Amino acid sequence: MLSIEEVIHIERLARLKLTDKEREIYRNQLNDVLNYAAKLDEIDTSNVPPMYHVLPVTNVLREDIPRNNFSLEDALNNAPLKEEGFFVIPPILGGEE
Amino acid sequence: MDLADLTAHELLTLISKREIAPKDVVKSCIDRIERCEPLIKAYLYIRDPEEIINSVREDMPYSAIPIAIKDNILVRGLPNTCASKILSNFIAPYNATVIEKLKEKSFNITGKTNLDEFAMGSSTENSAFGPTRNPWDLERVPGGSSGGSAASVAIGSSIWALGSDTGGSIRQPASFCGVVGLKPTYGTVSRYGLVAFASSLDQIGPITKDVTDCALLYSFINGHDPNDSTSLNVEPYRYSPLTGDIRGMKIGLIKELLVEGIDPSVERCIRDAVKTFQDLGAIVEEVSLPHISYSVPTYYILAPAEASSNLARFDGVRYGFRAGGKTAEEMMSNTRGEGFGPEVKRRIMLGTYVLSAGYYEAFYLKALKFRNLIAGDFKKAFERFDVLISPTSPILPFKLGEKVENPLEMYLSDICTIPINLAGLPAISIPCGFVNNLPVGLQIIGPVFSESRLFEVAYGFEQAMPFHKRRPQLGGNTYGV
């Protein structure tokens with residue numbers, strides 16, 4: 001059974017602020033899903049290779065030629081806060097507004 | 001019967017014979033939008049009707065056949081919300097490759113259709129902007145996540161539509177709404193400009209009224225794209241008229257998908273479909289795919305894992321909704337906590353957990369091994385069979401609210417469609433019957449790149465059993481046949 005502390009730990013890894021009520025709900029629902037996923041223990045898969053991709057894909061490279069099809073204005077158009085061609089965010093360190 | 005009830009290819013023929021004016025089709029769809037949209041709510045955004053009418057060009061026939069686009073496929077200048085609060089004010093700055101391809105043919109877009117938030121769900125109830133309703137019964141869900149696209153095609157508020165399919169999100173709503181939906185072979189349709197959910201599983205595909213339209217629309221959107229590194233450089237599918245000749249074809253009925261929790265009336269429709277295929281000269285036998293029952297737990301580890309990584313980009317910095325916070329990190333956590341809905345949060349939590357230190361091998365790596373086993377089952381089956389069949393959904397369209405409280409039960413209803421994404425295969429859903437005036441879908445699955453074969457099998461069935469000609473009689477208000 002997933003503990004509340006574990007839920008808070010995942011929440012921090014995911015940068016996802018939850019309410020106390022949500023933590024309790026997700027704790028129960030994640031447990032349901034994870035218990036169900038234990039079905040995968042029924043078969044010994046130690047000799048089965050993992051399949052990361054269904055088709056034989058390899059890295060795709062292209063010539064390093066700049067393609068100028070996205071203007072600064074386009075890039076900033078959806079920004080919640082911008083100034084002089086930059087995205088503006090709260091301070092990375094400390095708590096001063 | 002109005003023009004909005006016809007298929008694209010029927011309308012194109014009428015236009016080329018000059019029996020109807022191109023603008024009449026568009027007007028018929030707009031009329032349908034005005035009458036049905038308040039009840040169905042298939043759209044999140046509808047273009048100005050005047051603009052849609054003015055986009056019709058006499059020399060470009062496809063401009064007369066309105067198309068609806070799922071609201072997770074970018075159309076430059078139009079909103080793209082993914083049915084999420086976090087993107088509620090986002091305007092797409094560029095076109096998805098599939099949209100570029102459609103624009104080359106002057107396709108006329110009606111608007112952006114509703115979905116489960118970020119395409120996570122099977123009922124379109126997870127939309128932050130309210131659910132879409134099933135045109136066959138307004139008390140029921142249209143399926144999901146491409147529920148808006150499927151409902152729109154069924155009701156004629158568009159003639160055809162694009163959806164996206166990660167675990168059944170095109171096929172299951174097509175089944176629930178009595179229309180046709182194709183999940184193409186992974187890598188045949190560019191994902192550039194599709195908001196990523198689970199990148200190794202996502203594919204864009206058509207939702208249409210019949211198989212011919214499906215083949216036509218697929219021929220327009222498939223093909224290699226250098227902007228998508230998983231796009232395959234293979235000979236693209238080109239449309240040619242279908243014959244429906246399936247004599248001598250070997251069809252495998254997947255045994256495991258006809259047991260566990262299936263609605264008996266759905267099973268009856270599938271058994272009837274088997275008889276139809278036999279009458280058409282095909283050979284149908286049962287086939288066992290022993291690992292297919294592990295598909296749901298495998299999927300619900302892999303898809304959330306990929307989603308938790310893909311959705312990291314929604315942090316309130318460059319676009320979308322932003323919540324307050326004293327530091328950047330606090331702002332990001334608050335933004336995501338307030339901006340995402342319950343199902344998206346649940347999957348981010350699940351995905352982060354299975355990828356976190358100490359659990360990666362027990363869950364994620366193990367699921368990748370099962371993915372291999374499941375794909376292997378299909379490979380083996382295709383040594384003996386040309387195509388495989390199953391129900392698209394084991395259950396009939398369910399009532400709104402019926403499964404919201406129990407996510408696991410909702411997940412289990414995806415059992416028939418999920419394995420196909422895990423194996424990267426193409427599959428089409430077509431109407432194969434009605435139970436109490438609710439549509440039932442048949443899924444036809446093929447090996448990679450076998451789309452043309454799927455169209456032939458589906459077309460053969462459709463011509464013999466024309467369930468696709470039925471139209472919903474919305475609220476006793478008769479539009480259809």
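In what follows, chains are A, B, ... by sequence order, proteins preceding strands, each numbered from 1. Keep in mind that this is a model prediction, so the values were computed, not measured.
Residue A:Asp74 touches chain B through both its backbone and its side chain, counting heavy-atom pairs closer than 4.5 Å. With a 4.5 Å cut-off on non-hydrogen atoms, B:Glu405 touches chain A through its backbone but not through its side chain. For B:Asn334, the parts sitting under 4.5 Å from any heavy atom of chain A are the backbone and the side chain alike. Using a 4.5 Å cut-off between heavy atoms, B:Phe90 contacts chain A through both its backbone and its side chain. In this structure, the portion of A:Leu55 lying under 4.5 Å from any heavy atom of chain B is its side chain and not its backbone. Interface residue B:Ser293: backbone and side-chain heavy atoms are both found under 4.5 Å from chain A. Interface remark: B:Leu201 contributes no atoms to any contact with chain A (heavy atom separation under 4.5 Å). Contacts of B:Ser229 with chain A are made by both backbone and side-chain atoms, with heavy-atom separations under 4.5 Å. Contact of B:Leu350 with chain A is made through backbone and side chain together, with heavy-atom distances under 4.5 Å. Looking at A:Glu11, the atoms closer than 4.5 Å to chain B (heavy atoms on both sides) sit in the backbone and in the side chain alike. Contact of B:Ala375 with chain A is made through the side chain alone, with heavy-atom distances under 4.5 Å. With a 4.5 angstrom heavy-atom cutoff, A:Tyr26 touches chain B only via side-chain atoms. Contact of B:Pro342 with chain A is made through backbone and side chain together, with heavy-atom distances under 4.5 Å. With a threshold of 4.5 angstrom between heavy atoms, B:Ile91 approaches chain A through its backbone and through its side chain. Looking at A:Ile10, both its backbone and its side chain come within 4.5 Å of chain B, counting heavy atoms on both sides. B:Arg347 does not touch chain A: none of its heavy atoms, backbone or side chain, sits under 4.5 Å away. Heavy atoms closer than 4.5 Å to chain A are found in the side chain of B:Leu412, but not in its backbone. Residue A:Leu76 does not touch chain B at all, counting heavy-atom pairs closer than 4.5 Å. With a 4.5 Å cut-off on non-hydrogen atoms, B:Tyr359 touches chain A through its side chain but not through its backbone.
Proximity of B:Pro290 to B:Asp377: side-chain heavy atoms (C-beta onward) are separated by under 4.5 Å at one or more points. The closest side-chain heavy-atom distance from B:Glu256 to B:Ser288 is below 4.5 Å. Residues B:Arg371 and B:Ser200 meet the side-chain proximity criterion, which asks for heavy atoms closer than 4.5 Å.
Looking at B:Glu329, its side chain never comes within 3.5 Å of a backbone N or O of A:Ile92 through a donor-acceptor pair. Of the possible donor and acceptor atoms, one in the side chain of B:Arg322 sits under 3.5 Å from a partner among the backbone N and O of B:Gly316.
The candidate from A:Leu34, A:Leu13, A:Val33 with the greatest count of non-hydrogen atom pairs under 4.5 Å with chain B is A:Leu34. Top candidate by heavy-atom pairs under 4.5 Å with chain B, chosen from A:Leu18, A:Asp32, A:Ile43, is A:Ile43. Ranked by non-hydrogen atom pairs under 4.5 Å with chain B, the options A:Ala79, A:Ala75, A:Pro49, A:Ala37 are led by A:Pro49. For the options A:Val60, A:Val88, A:Val48, A:Asn59, heavy-atom pairs under 4.5 Å to chain B are most numerous at A:Val48. With chain A as partner, the option from B:Lys345, B:Glu330, B:Met331, B:Glu338 having the largest number of non-hydrogen pairs under 4.5 angstrom is B:Lys345. The most heavy-atom pairs under 4.5 Å with chain A, out of B:Met349, B:Lys369, B:Met332, come from B:Lys369. Per-residue heavy-atom pair counts under 4.5 Å with chain A were compared for B:Pro297, B:Gly337, B:Ala423, and the maximum is reached by B:Pro297.
Taking the six-membered ring wherever Trp is involved, the centroid distance between the rings of B:Tyr94 and B:Tyr192 falls below 6.0 Å. In this structure, the ring of B:Phe314 has its center less than 6.0 angstrom from the ring center of B:Phe118.
Residue A:His9 places its NE2 atom among 12 or fewer non-hydrogen atoms of other residues, nucleotides or ligands, all under 6.0 Å distant.
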Could you walk me through whether B:Thr188 and B:Asn222 pass side-chain hydrogen bond (donor to acceptor under 3.5 Å, both in side chains), step by step? CA-CA 6 Å; B:Thr188 58; B:Asn222 86 119; 5.7 Å; no

Does the pair B:Val75 and B:Lys103 meet the rule for a side-chain contact (heavy atoms from CB on, under 4.5 Å), with working shown? CA-CA 10 Å; B:Val75 180; B:Lys103 295 243 171 184; 4.2 Å; yes

side-chain contact (heavy atoms from CB on, under 4.5 Å) between B:Thr335 and B:Asp315, intermediate numbers included: CA-CA 7 Å; B:Thr335 295; B:Asp315 55 10; over 6 Å; no

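By the 6.0 Å and 45° rule, A:Lys39 stacks over the aromatic ring of B:Tyr294.
Here the options are B:Asp202, B:Asn227, B:Thr230, the test is side chain to side chain donor-acceptor pair (under 3.5 Å), and the partner is B:Arg191; only B:Thr230 passes.
The distance from atom CG of B:Asp225 to atom CD of B:Glu100, rounded to the nearest 0.5 Å, is 10.0 Å. Here the straight-line distance linking atom CG of A:Asp20 with atom CD1 of A:Ile4 works out to 8.0 Å at 0.5 Å rounding.
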